[in-house]
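Structure provided below as structure tokens; questions to follow.
Convention: sequence-line order gives letters A, B, ...; per-chain numbering from 1.
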There are 2 protein chains.
Amino acid sequence: MGGGTTRTPRRRPLTRARVLRAAAEVADRSGLAGVTMRSVADVLGVEAMALYRHVSGKNDLLDALVEAVVEEINEACAADDTPADPDDWRPALRRRILTARAVLQGHPWAPALLGSHGTMSPALLRYFDRFGSILRRAGFSMDTAHHALHAFGTRALGFSSELFQPGSPAIEETEADPEAALADLAALSAELPFIAAMVGHLSHEAASTIGWCDDQAEFEFGLDLLLDGLELRRSR
Amino acid sequence: MGGGTTRTPRRRPLTRARVLRAAAEVADRSGLAGVTMRSVADVLGVEAMALYRHVSGKNDLLDALVEAVVEEINEACAADDTPADPDDWRPALRRRILTARAVLQGHPWAPALLGSHGTMSPALLRYFDRFGSILRRAGFSMDTAHHALHAFGTRALGFSSELFQPGSPAIEETEADPEAALADLAALSAELPFIAAMVGHLSHEAASTIGWCDDQAEFEFGLDLLLDGLELRRSR
DNA sequence: ACCTGAACACCGTTCAAGT
DNA sequence: ACCTGAACACCGTTCAAGT
């Protein structure tokens with residue numbers, strides 16, 4: 001029973017990589033708001049100030065965190081990058097975007113972080129370079145390829161910032177009381193005729209699906225809208 | 001010189017509206033991060049705790065702030081809402097979105113706030129109801145109209161979350177030293193051929209414009225891409 | 001009724017001190 | 001060299017106390 005290793009594994013030296021992994025762990029468990037210098041240090045069995053040796057501050061930590069996620073996307077997309085036939089730009093781009101989406105689904109906090117800390121970083125530049133190259137090889141003009149990158153926005157990385165959620169508390173809250181819900185719907189149809197009709201239309205078919213809307217299907221619909229528009233401009 | 005009004009105008013009673021106006025004022029001046037219970041109270045010549053009588057907490061304050069902005073958008077869009085000819089859905093939608101964009105340009109902090117506090121509120125429901133109604137009147141199916149709302153995402157409200165900024169520090173930082181910039185561009189074209197070509201292409205025409213990219217033009221390009229895609233689905 | 005003071009449990013970050 | 005303790009200037013929020 002000599003001085004064996006203690007329960008807290010402080011022996012391994014602290015590294016930037018370990019700090020980032022700890023931060024990702026906290027984010028996965030407690031959300032982005034839970035990521036705190038002190039909470040990250042806790043995971044590592046260390047005091048908050050020890051982190052400052054490997055990270056210049058919280059901003060740097062979060063920047064590095066989003067960079068790591070984008071790197072993960074780049075690796076996932078590296079496999080099938082260049083379409084054999086340049087004319088296959090559409091399925092190539094589509095697959096790339098849906099691969100990025102799949103990676104982000106493993107890190108629910110990443111989209112918000114990309115929004116606030118998404119400056120143009122090396123990993124992001126690499127991602128958009130591959131993205132634009134596919135378009136150029138397919139014969140798109142430089143201008144159109146450039147515009148396309150802007151047009152996709154965050155959708156190029158597999159997520160879309162939506163505000164529109166038909167299954168919102170404002171609509172669902174009275175679900176427990178069917179009569180009140182009907183009265184609400186009546187009041188709704190006076191002031192919000194389209195929303196009311198849509199909710200009525202949805203509830204007829206929603207029995208089969210889990211929620212009101214299928215996020216993946218909605219995402220792909222928007223994606224195809226953009227791809228169609230792009231197709232029209234290919235030879236302009 | 002009797003007890004006239006003091007310099008600090010505390011006499012007017014505190015109201016929810018005054019609290020919200022003060023918060024917007026702080027946001028306009030110091031950005032979203034500057035909006036603090038204490039800073040808002042300061043503007044009103046009052047202690048932070050006095051706000052809790054009119055606002056249930058900071059979350060409530062921010063929710064109310066975005067609600068006010070969306071109301072402003074709704075008012076701005078109320079003028080020319082229903083197209084005379086239902087077939088004019090495209091210009092009607094386009095105008096609506098660009099009007100929303102113009103309103104948001106007066107509140108630079110609003111997009112970020114819509115992202116974090118954009119739950120489906122009464123004002124937002126009203127906005128999307130008008131939006132969807134235009135589509136329905138034009139003959140779009142309920143499904144397509146519903147999908148369209150998702151597809152536009154925040155773009156329906158006049159802004160797009162972009163990550164792609166060609167004029168980023170990574171590219172521009174060596175601008176002061178032309179030789180180093182050229183060396184960087186050479187290194188860039190090895191690893192980032194598309195980005196390098198695009199930057200070269202941009203700098204030839206950028207002399208006429210202010211920055212690298214014209215935000216408004218890029219926004220409208222993406223908007224028209226989506227409208228084109230929607231047009232294709234009109235009669236499906 | 002309306003506002004304030006003092007306090008609590010948090011933040012990020014600094015700096016001198018420990019080992 | 002690497003980590004810690006104590007401290008600073010902030011947060012949002014509570015609660016009893018003032019007027």
Whole-Å gap separating C1' (D/dT4) and CD (A/Glu47):
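A/Glu47 atom CD is separated from D/dT4 atom C1' by 6 Å.
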Protein-nucleotides 17-19 of chain C N/O pairs closer than 3.5 Å?
none

Please give, in whole Å, the distance from D/dT4 P to A/Leu44 CG?
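Those two atoms, CG and P, are 11 Å apart.
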Strictly below 4.0 Å, N to O, side chains only: are A/Asp60 and A/Arg16 in salt-bridge contact?
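Salt bridge: yes.
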Check A/Leu226 against B/Gly222 and note the closest heavy-atom contact, atom names and distance.
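Reported closest heavy-atom pair: CD2-O, 4.2 Å.
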Nearest listed nucleotide, side chain of A/Arg38, among C/dT13, C/dA7, D/dC3:
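So the nucleotide nearest the side chain must be C/dT13.
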Note: B/Glu191-A/Arg130 ion pair, threshold 4.0 Å (strictly below)
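A salt bridge links B/Glu191 with A/Arg130.
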Atom of A/Asp129, atom of B/Leu192 and distance for their closest heavy-atom approach:
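Shortest heavy-atom contact: OD1-C, 3.0 Å.
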Single hit among B/Arg101, B/Arg155, B/Arg94 for salt bridge (Lys or Arg N to Asp or Glu O under 4.0 Å) with B/Glu220
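So the option named by the test is B/Arg94.
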Whole angstroms only, please: what is the CG-C1' distance between B/Leu14 and C/dA1?
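Nearest whole value for this atom pair: 13 Å.
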Nearest atoms (heavy-atom pairs only) where A/Ala156 meets A/Ile97
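Nearest heavy atoms, A/Ala156 then A/Ile97: O-CG1, 3.6 Å.
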Parallel, tilted or perpendicular: which one describes the rings of B/Phe164 and A/Phe128, with boundaries at 30° and 60°?
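Geometry flag for A/Phe128 against B/Phe164: tilted rings.
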Report the residues that fulfil ring-ring contact (aromatic ring centres under 6.0 Å, His included) with A/Phe159, sequence neighbours left out, ordered by chain and then residue number.
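For A/Phe159, no residue satisfies ring-ring contact (aromatic ring centres under 6.0 Å, His included) once neighbours in sequence are set aside.
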My understanding is that only residues two or more places apart in sequence, or in another chain, count here; which of them pass salt bridge (Lys or Arg N to Asp or Glu O under 4.0 Å) with A/Arg96?
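Result, salt bridge (Lys or Arg N to Asp or Glu O under 4.0 Å) vs A/Arg96: A/Asp81.
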Secondary structure of DNA chain D in dot-bracket form (Watson-Crick or G-U wobble, distances below 3.5 Å, | marking inter-strand pairs)
||.|||||...|||||.||
Would you say the side-chain atoms of A/His107 and A/Glu72 include a donor-acceptor pair closer than 3.5 Å?
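There is such a pair between these side chains.
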Residues in contact with DNA chain D, drawn from residues 48-61 of chain B - heavy-atom cutoff 4.0 Å:
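When residues 48-61 of chain B is checked for heavy atoms under 4.0 Å from DNA chain D, the hits, listed by number, are B/Met49, B/Tyr52, B/Gly57, B/Lys58.
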Between C1' on C/dC10 and CG on A/Asp42, what's the gap in Å once rounded to a whole number?
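Spelled out: CG on A/Asp42 to C1' on C/dC10 is 13 Å.
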Would you give me the side-chain donor-acceptor pairs under 3.5 Å for residues 26-48 of chain B, sequence neighbours excluded?
{"from": "B/Asp28", "atom 1": "OD1", "to": "B/Trp109", "atom 2": "NE1", "distance (Å)": "2.6"}
{"from": "B/Ser39", "atom 1": "OG", "to": "B/Gly34", "atom 2": "O", "distance (Å)": "2.9"}
{"from": "B/Ser39", "atom 1": "OG", "to": "B/Thr36", "atom 2": "N", "distance (Å)": "2.9"}
{"from": "B/Ser39", "atom 1": "OG", "to": "B/Thr36", "atom 2": "O", "distance (Å)": "3.0"}

